[in-house]
Student: 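After the structure tokens below, expect a handful of questions from me.
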Amino acid sequence: MRFFKDLSLSAATAGFVAVLVGFTSSVAIVFQAAQAFGATPAQISSWMWALGIGMGLSSALPSLWLRKPVMVAWSTPGAAVLATAGVAGGFSMAEAVGAFIACAALITLFGVTGWFEKLMSRIPMAIASALLAGVLARFGLQAFAAAQTALPLVLWMLAAYLLGRRLAPRYAVPVTLLVAIVYAAINDQLVGIHAAFSLAIPVFVMPQFTLAAIVSLALPLFVVTMASQNLPGVAAIRAAGYELPISKIITLTGVATLVLAPFGAFALNLSAITAAICMGREAHPDPARRYTAAVSCGAIYVVIGIFGAAVTGLLTAFPKELVVAIAGLALLGTIGNGLAVALKDEHHREAALITFLVTLSGVVIGGIGSAFWGVAAGGVALFVQNYKKPHTDN
């Protein structure tokens, strides 16, 4: 099978790092969202099953079919919205599932009609690259900020990464991760490991559709998923130079959410952060073989879905400093490339810089994250600069 011929250690490690970063950085928010609707332990386990299966299959199967990396994740800002609105509104799990289905229907509609892809095609490459750099730069900052609480660990990781980039660039990230895990194990920093493996059992919840839940849950979930997740997700794809059928993938995420919503899949969407890890040169020097990183990531997500809480316990045993440091180091190349493209054209430079800074700020207005406001600010700046401005030859 061609996949196994194309698979490499660096690609497999990129897939694992993507799962480690994407999962451990936001799984607590997903738990909070489930608990906001009064979820039982069995239902929380079902949520992890549905999300793991949904993300895994939606990433692995298209990547194998297209031989290009397709990365799907759960909506982290969507989970945050649910955790807040669920408590405030006192919604039941049945009402929440009805809202998940309504949101999924809207995502599917925007995919089938191509409305979202048409909107994205109007965003200049410089703005899209600045958006991606702004989203990822926060992880770069966190990588070095982790030195405040775990200086030896971060220094060991930085040294391993720099030496790896010098001696064996393809294996810089795998070597860094190995050094970090060994250091954490030696210093007894791998705590709280729970290895009682048991299969997650899906729990079906009959949806209940109410106007209050659709207005308070479904619409905000849809808006933040499209603006804060799918928008930078497309930017990551464009920045990596891949031509993917965006509308079809958006449709796939909507349909997958529709099918799995009664079991707890609240919103699936394109990934930006984990996509950058699997689409970057650290995954593989050959762009045509980076799809194996996405497939590896998808396979791990499926395992997480099947074994649920047990795998969650293993992944969350890593120190948080290790997770943010490996994420930041793995994304350095993508952040640099994004800034280089964003600032290359002098005519777009100021608008791109505004996009980058607003996105990096992390500002949230009206429940919508900085990714959307960064593009909006950059778009306004570009419009003001170029409105009825005569073109001149350089």
Side-chain angles (χ1 to χ4, degrees), residues 8 10-11 13-15 17-18 21-22 63 68-71 73 120-121 123-144 158 161-162 164-166 168-174 176 229-244 246 270-294 297 324-360 370-371 374-375 378 382:
S8 65
S10 59
T13 303
V17 170
V21 172
S63 296
K68 296 177 181 179
V70 176
M71 293 293 292
M120 285 299 303
S121 66
I123 298 177
M125 189 63 189
I127 300 296
S129 297
L131 164 66
L132 179 64
V135 170
L136 302 182
R138 276 179 282 172
F139 282 81
L141 292 174
Q142 290 172 8
F144 296 101
L158 181 60
Y161 177 80
L162 293 176
R165 291 291 297 166
R166 175 66 186 271
R170 280 185 59 184
Y171 304 105
V173 174
T176 303
Q229 293 285 140
N230 282 326
L231 187 64
V234 174
I237 294 170
R238 292 176 62 185
Y242 288 103
E243 293 290 335
L244 291 173
I246 301 299
L270 291 173
S271 169
I273 298 165
T274 55
I277 294 173
C278 291
M279 293 180 180
R281 64 172 179 265
E282 288 79 8
H284 200 283
D286 183 0
R289 296 176 63 180
R290 293 174 190 166
Y291 77 94
T292 57
C297 178
V324 298
I326 195 65
L329 293 173
L331 291 169
L332 282 179
T334 305
I335 296 169
N337 290 338
L339 285 174
V341 173
L343 304 178
K344 180 180 180 181
D345 187 349
E346 185 177 349
H347 294 92
H348 291 162
R349 185 172 299 162
E350 191 168 87
L353 186 58
I354 290 173
T355 300
F356 170 75
L357 292 175
V358 173
T359 304
L360 179 60
S370 61
V375 172
L382 198 60

Student: Spell out, as yes or no, whether a donor-acceptor pair under 3.5 Å connects the side chain of Arg238 to the backbone of Met120.
Tutor: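 Side chain of Arg238 to backbone of Met120: a pair is present.
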Student: Taking all atoms of both residues into account, what is the closest heavy-atom pair of Arg290 and Arg281, and its distance?
Tutor: NH2-CA, 3.4 Å
Student: What I'd like to find out is whether the side chain of Thr176 reaches to under 4.5 Å of the side chain of Ile326, using heavy atoms alone.
Tutor: yes
Student: Within a strict 4.5 Å, meaning less than it, do heavy atoms of the Leu131 and Ile123 side chains meet?
Tutor: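 Side chain of Leu131 against side chain of Ile123, heavy atoms only: no contact under 4.5 Å found.
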Student: Kindly compute the distance separating OG (Ser8) from CG (Asp286), expressed to the nearest 0.5 Å.
Tutor: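 Separation between the atoms: 10.0 Å.
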Student: Please report the shortest heavy-atom distance between Ala126 and Ala342, naming the atom on each side.
Tutor: O-CB, 3.6 Å
Student: Could you tell me whether the side chain of Phe356 reaches within less than 4.5 Å of the side chain of Leu343, counting heavy atoms only?
Tutor: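 No, their side chains stay 4.5 Å or more apart.
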Student: Considering non-hydrogen atoms only, spot the tightest contact between Leu331 and Ala276 and give its length.
Tutor: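 Minimum heavy-atom separation between Leu331 and Ala276: CD2-CB, 3.6 Å.
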Student: So which atom in Thr334 and which in Gly280 form the shortest heavy-atom distance, rounded to 0.1 Å?
Tutor: OG1-CA, 4.3 Å
Student: Would you check if Ser370 and Arg138 make a side-chain contact, meaning some heavy-atom pair closer than 4.5 Å?
Tutor: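 They are in contact (side-chain heavy atoms under 4.5 Å apart), so the answer is yes.
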Student: Taking Val70's backbone N and O only, do any of them form a donor-acceptor pair with Ser63's side chain (distance below 3.5 Å, no angle check)?
Tutor: yes
Student: Got Glu282 and Val17 here, is their nearest side-chain heavy-atom distance under 4.5 Å?
Tutor: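 Answer no - side chains too far apart.
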Student: When you compare the side chain of Thr13 with that of Tyr171, does any pair of heavy atoms fall below 4.5 Å?
Tutor: no
Student: Are any of the side-chain heavy atoms of Glu243 and Lys68 separated by less than 4.5 Å?
Tutor: yes
Student: For the residue pair Ala235 and Ala128, what are the closest heavy atoms and their distance?
Tutor: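 For Ala235 and Ala128, the tightest heavy-atom pair comes out as CB-O, 3.5 Å.
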Student: Any idea which heavy atoms bring Ile277 and Ala283 closest together, and the distance?
Tutor: O-CB, 3.9 Å
Student: Given side chains that start at C-beta, do those of His348 and Ile127 come closer than 4.5 Å, heavy atoms only?
Tutor: no
Student: Once rounded to the nearest 0.5 Å, what's the spacing between atom CG of Leu132 and atom CG of Leu231?
Tutor: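 If we round to the nearest 0.5 Å, Leu132:CG and Leu231:CG are 10.5 Å apart.
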Student: Starting at CD1 of Ile273, measure out to SG of Cys278 and round the result to the nearest 0.5 Å.
Tutor: 12.5 Å
